[in-house]
> 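Mind having a look at this structure? Questions to follow.
Remember, predicted model here, so these are calculated numbers, not experimental data.
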Amino acid sequence: MLYLICCAVTCFACILGTICGMGGGIIIKPALDAAGLMPVETITFLSGCTVISMSCWSVGKTLWKRESVLDLKNTPLLAVAAALGGLLGKQLYTLAAGLFAQRDTAGGVQACLLFAATLATLVYTLRKDRLRSKQIGSLTAGFCIGLFLGMLGAFLGIGGGPFNVAALTYFFSMPTKKATQNSLLIVLLSQGASTLKTVLFDGIPAFDPGLLAGMILLGIVGSELGRRINRRLNERQATRCLEGCMVLILCINMYNIVKYLC
């Protein structure tokens with residue numbers, strides 16, 4: 001049952017994650033937290049490894065097929081800053097988890113922060129047609145934005161999220177589909193840095209290697225399906241999909257807040 005639930009959630013999450021530029025982890029992590037099948041730290045690690053594999057496959061495939069629409073002016077700086085932010089965010093999570101007698105309580109803190117970030121992003125997405133997007137040209141401002149996105153994604157254990165897409169859309173005037181691909185590169189580097197820190201310094205939590213292999217495989221399959229679907233969507237459809245995913249994420253995190261903190 002554990003394998004079935006984890007693999008089904010992973011495949012579904014990575015299909016949606018690739019379509020919407022969310023990295024998959026934003027659904028995998030809270031969904032498995034809600035199922036309560038493993039400790040929060042184990043879920044965070046498994047989700048992170050799956051997100052890295054999915055993002056690497058998706059970004060690599062688009063580059064190989066020359067379908068990439070990466071913003072070479074802004075995204076490299078954002079990605080490097082996000083990698084540094086990933087290290088800082090992982091350290092912040094370790095410190096926060098140590099404040100509680102039950103380390104799984106940190107899952108409630110993650111759920112609260114993810115709920116707030118997702119709600120703010122949903123409100124922005126629904127109203128963005130009324131807001132004038134910006135075109136950030138400052139390297140310092142771009143670095144700070146990337147740093148914050150990396151910290152937030154690593155602290156939450158999800159790699160990235162719809163707030164990546166929203167930030168790219170608002171601060172750099174990227175259309176949704178272009179922001180989706182650029183978001184996945186940021187997810188790849190920020191989560192990669194966070195997971196590397198766990199492996200080298202924090203210690204790997206106990207888990208079944210077969211389960212991780214299955215999640216990675218289904219993550220890649222899901223990312224491939226999502227990539228093909230994404231190519232067929234127009235801007236309006238991609239935005240509607242993103243909005244629907246955010247509503248789903250809000251519902252899952254509301255459940256987790258009650259589960260861990262009430």
> Quick check for you: to the nearest 0.5 Å, what is the distance between Gln237 atom CD and Arg232 atom CZ?
11.5 Å
> Are Phe171 and Leu149 connected, step by step, through hydrophobic side chains (Ile, Leu, Val, Met, Phe, Trp, Tyr) whose heavy atoms are closer than 4.5 Å?
yes
> With a 4.5 Å heavy-atom cut-off, do Ile249 and Phe115 have their side chains touching?
no
> Please find the pair of heavy atoms, one from Thr121 and one from Ala166, that lie closest to each other, and give the distance.
CG2-CB, 3.5 Å
> Is there a chain of hydrophobic side chains (I, L, V, M, F, W, Y, each step under 4.5 Å between heavy atoms) that links Val258 to Leu37?
no
> Do you reckon Leu217 sits in the same ILVMFWY cluster as Leu4, going by side-chain contacts under 4.5 Å, direct or chained?
no
> Minimum heavy-atom separation for Val80 and Leu189, please, with both atom names.
N-CD1, 4.4 Å
> Working to the nearest 0.5 Å, report the span between CD1 of Ile216 and CG of Leu211.
10.0 Å
> Does one hydrophobic cluster hold both Ile28 and Tyr255, with members joined at side-chain heavy-atom distances below 4.5 Å?
no
> Give me the atom names and distance for the closest heavy-atom approach of Ile186 to Ala82.
CG2-CB, 3.5 Å
> Just verifying a value: how many Å separate Ser183 OG and Lys178 NZ, rounded to the nearest 0.5 Å?
14.0 Å
> Does a side-chain heavy-atom distance below 4.5 Å link Tyr124 with Leu131?
yes
> Do you know which two heavy atoms are closest between Thr169 and Ser133, and how far apart they sit?
O-CB, 3.6 Å
> Has Thr94 got a side-chain atom pairing as donor or acceptor with Lys90's backbone, closer than 3.5 angstrom?
yes
> To the closest 0.5 Å, what do you measure between CZ (Phe148) and CG (Leu78)?
13.5 Å
> If you look at every heavy atom in Phe12 and Leu248, which pair is closest and at what distance?
CE2-CD2, 4.1 Å
> One pair to check against side-chain contact (heavy atoms from CB on, under 4.5 Å): Leu200 and Leu196. What are the steps and the verdict?
CA-CA 6 Å; Leu200 295 179; Leu196 183 62; 3.8 Å; yes
> Can you list the steps and then say if Leu87 with Met151 is a side-chain contact (heavy atoms from CB on, under 4.5 Å)?
CA-CA 7 Å; Leu87 296 175; Met151 288 178 62; over 6 Å; no
> Given 3.5 Å as the limit, does a donor-acceptor pair link the side chain of Lys197 with the main chain of Gly192, or not?
no
> Please check: side-chain N/O of Tyr260 versus main-chain N/O of Asp33, any donor-acceptor pairing under 3.5 Å?
yes
> For residues Tyr93 and Thr198, determine if any side-chain heavy atom of one lies less than 4.5 Å from a side-chain heavy atom of the other.
no
> Using every non-hydrogen atom in the two residues, find where Met215 and Leu32 come nearest and quote the distance to one decimal.
CE-CD1, 4.1 Å
> Without swapping roles, check the side chain of Ser194 against the backbone of Gln191 for a donor-acceptor pair under 3.5 Å.
no
> Between Met38 and Cys6, does a side-chain contact (heavy atoms from CB on, under 4.5 Å) hold up when you go through it step by step?
CA-CA 10 Å; Met38 295 173 284; Cys6 290; 3.8 Å; yes
> Between SG of Cys7 and CG of Leu218, what distance do you get to the nearest 0.5 Å?
4.5 Å
> Taking Asn256 for the side chain and Ala34 for the main chain, is one N or O donor matched with an acceptor at less than 3.5 Å?
yes
> When you compare the side chain of Leu156 with that of Lys29, does any pair of heavy atoms fall below 4.5 Å?
no
> How about Leu114 and Phe163: do any of their side-chain heavy atoms sit closer than 4.5 Å?
yes
> With a 4.5 Å heavy-atom cut-off, do Glu41 and Leu46 have their side chains touching?
no
> Under the 3.5 angstrom rule, does the side chain of Ser190 hit a backbone N or O of Val187 as a donor-acceptor pair?
yes
> Is the ring pair Phe45/Phe207 parallel, tilted or perpendicular, if the boundaries are 30 and 60 degrees?
tilted
> Within the structure provided, determine whether Val109 and Leu113 are in side-chain contact (heavy-atom separation under 4.5 Å).
no
> Met246 vs Val123, test: side-chain contact (heavy atoms from CB on, under 4.5 Å). Steps then yes/no.
CA-CA 10 Å; Met246 284 190 281; Val123 171; over 6 Å; no
> Take atom CZ of Phe201 as the centre, draw a 6.0 Å sphere, and report whether it contains more than 12 heavy atoms from other residues, nucleotides or ligands.
no
> Can you tell me how far the OG atom of Ser47 sits from the CD1 atom of Ile26, to the nearest 0.5 Å?
10.0 Å
